[in-house]
Protein chains: 2
Amino acid sequence: MQKNEQRISLAVSTVIFALRPIPESGQSALWIPLVRRTREPFARQWALPGGWAGNDESLTDAAARNLLATTALEPAYLEQLYAFGDVERSVSSRVVSIIYWALVRQEEAERATENENVRWFAADNLPELAFDHNVIIDYALWRLRTKMEYSRIARAFLGETFTLSELRLVHEAVLQRQLDPANFRRQIENSGSLVPTDYVVSGGRHRPPRLYRYDEGVELVDNGPLGHKKTGSTRVID
Amino acid sequence: MQKNEQRISLAVSTVIFALRPIPESGQSALWIPLVRRTREPFARQWALPGGWAGNDESLTDAAARNLLATTALEPAYLEQLYAFGDVERSVSSRVVSIIYWALVRQEEAERATENENVRWFAADNLPELAFDHNVIIDYALWRLRTKMEYSRIARAFLGETFTLSELRLVHEAVLQRQLDPANFRRQIENSGSLVPTDYVVSGGRHRPPRLYRYDEGVELVDNGPLGHKKTGSTRVID
DNA sequence: TCAAAAGTGTTCATTCTACACCCATGG
DNA sequence: CCATGGGTGTAGAATGAACACTTTTGA
């Protein structure tokens, strides 16, 4: 097969997660911004934000660009999720979609322009979405929760320094269950990824908690396969 | 951006794993078939087998088709690994590659046509490959070894029934370390994924081992994100 | 001095690991 | 009867969950 015979369009979409309080309970939970489709198929239904991949940008850059264009958000974390390439049935043209998932901090999330065509939804209470986007979001949720337990992505929801309570609340919001503060502390301390700072937070009606930060030398950005071990430059694949 | 402005070609390549004995030690280890490139860039260097994605086939189908065409192999397991989409620098045209990884049984692996342009290499002793293919294979190895510990993919290297020794040897070959037979047995038994058959293997100069098989209702085929929970139909993504 | 969250200690259950030991077969 | 791998038992270490208890602050 000659490659110039190909008639495949390449799209990029992103599942964006942010922590926001649930109106009723006030507890933090995962929220996702969705955009309303303007064209068929699934016109006027909610869908993941995305767009076409440009000729001169990497897939990751395309994801970041589309994410900024559709929701005005710049994520603290961005990682590829999966490439969907089944032959499209509903439309004549063939589309392959690369799905990313992203985490944004709370302050950043508030910058998201919410309007008639962009709205935040609680991740565990979504409407019927366009295409298979419900399934994709379930998968992204599974990845986020799984990765939460062995990596340091909780960092993407926090500032430079934070208390152990704040970190625990992030974990609780993502995993949707309470964690024992004592055991959580030991777990984190034993992992060796945090270093205590010399500062504490005063003002609460209780003992002031110490501020921590992640140790150096650990970048948050996901390099994909090239980053799972310390390898050097990123190159392109045939 | 209009999608008809896109000039991106879509390629599919596969990291194929099979277990074969190492000539010197006789121990089983992971081997990978590679193909010699006929064109620039990296002409005459070894690379992952692959080809272009067809307009009317899913990405998985494209991977299986190219795999059969280049190595004559039909894998027992096939799963998407990662989509590489950096802007190509060495060649003028833009290529996005979807990489798959596959497992083939030993009998099947022997069918692979080995010639001047297709050869098997021990996975932990590879030459310098074209593009970033060394890094990609490292990542595929990591995925295989990680997944070995929580899923049932070892099955892809075995026949319908097998002894616990055979299963353990698969694990040892993949993980590259010895496993305690007693503890391995209990671990597997407690996982509840195996059922003993009524048959044993006689002929050895020792107590005849029992044959086991995987329990029903668990398909080996990987459905990707759509398969991580029991969800229904596969649809296409925008 | 009291409430509340920070932080420490301890106990119990579960799991992992190493290894001793018996079993069944072919030679 | 012996060598060999199949298969079982068990003691100690490591890990994790549950929870009592002490500490330090603001009010």
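To find a chain, count down the sequence lines: A is the first, B the second, and so on, and within it residues start at 1.
- Residues that satisfy the side-chain hydrogen bond (donor to acceptor under 3.5 Å, both in side chains) test with B:Asp124, not counting sequence neighbours, are B:Gln176.
- Among pairs with a residue in residues 195-211 of chain B, none fulfils salt bridge (charged side-chain N to carboxylate O under 4.0 Å, His left out), at least two apart in sequence or across chains.
- Listed by chain and number, the residues in a ring-ring contact (aromatic ring centres under 6.0 Å, His included) with B:Trp46 are B:Phe121 (sequence neighbours excluded).
- For B:Thr197, there are no side-chain hydrogen bond (donor to acceptor under 3.5 Å, both in side chains) partners two or more places apart in sequence or in a different chain.
- Using bins of under 30°, 30° to 60° and over 60° for the plane-to-plane angle, the ring pair B:Trp142/B:Tyr139 lands in the parallel bin.
- Less than 4.0 Å separates DNA chain C from at least one heavy atom of each of the following residues of residues 179-198 of chain B: B:Asp180, B:Ala182, B:Asn183, B:Arg186.
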Below 3.5 Å, can you tabulate the donor-acceptor pairs from side chains in residues 165-172 of chain A to any protein atom, sequence neighbours excluded?
unit_1, atom_1, unit_2, atom_2, d
A:Glu166, OE1, A:Thr163, N, 2.9
A:Arg168, NH1, A:Glu172, OE2, 3.2
A:Glu172, OE2, A:Leu179, N, 2.8

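- D:dG7 atom P lies 13 Å from atom CG of B:Leu167, rounded to whole Å.
- Evaluation of the salt bridge (charged side-chain N to carboxylate O under 4.0 Å, His left out) test over residues 12-36 of chain A, restricted to residues two or more places apart or in two chains, returns A:Arg36-A:Glu116.
- To the nearest angstrom, P of C:dA5 lies 12 Å from CD of A:Gln178.
- Between the C1' atom of D:dT15 and the CD atom of A:Glu149 lies a distance of 15 Å, rounded to the nearest Å.
- Annotation: side-chain hydrogen bond (donor to acceptor under 3.5 Å, both in side chains) contacts of A:Arg185 (sequence neighbours excluded): none.
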Set out, line by line, the N/O atom pairs under 3.5 Å between protein and nucleotides 2-5 of chain D.
unit_1, atom_1, unit_2, atom_2, d
D:dT4, O2, B:Arg205, O, 3.2

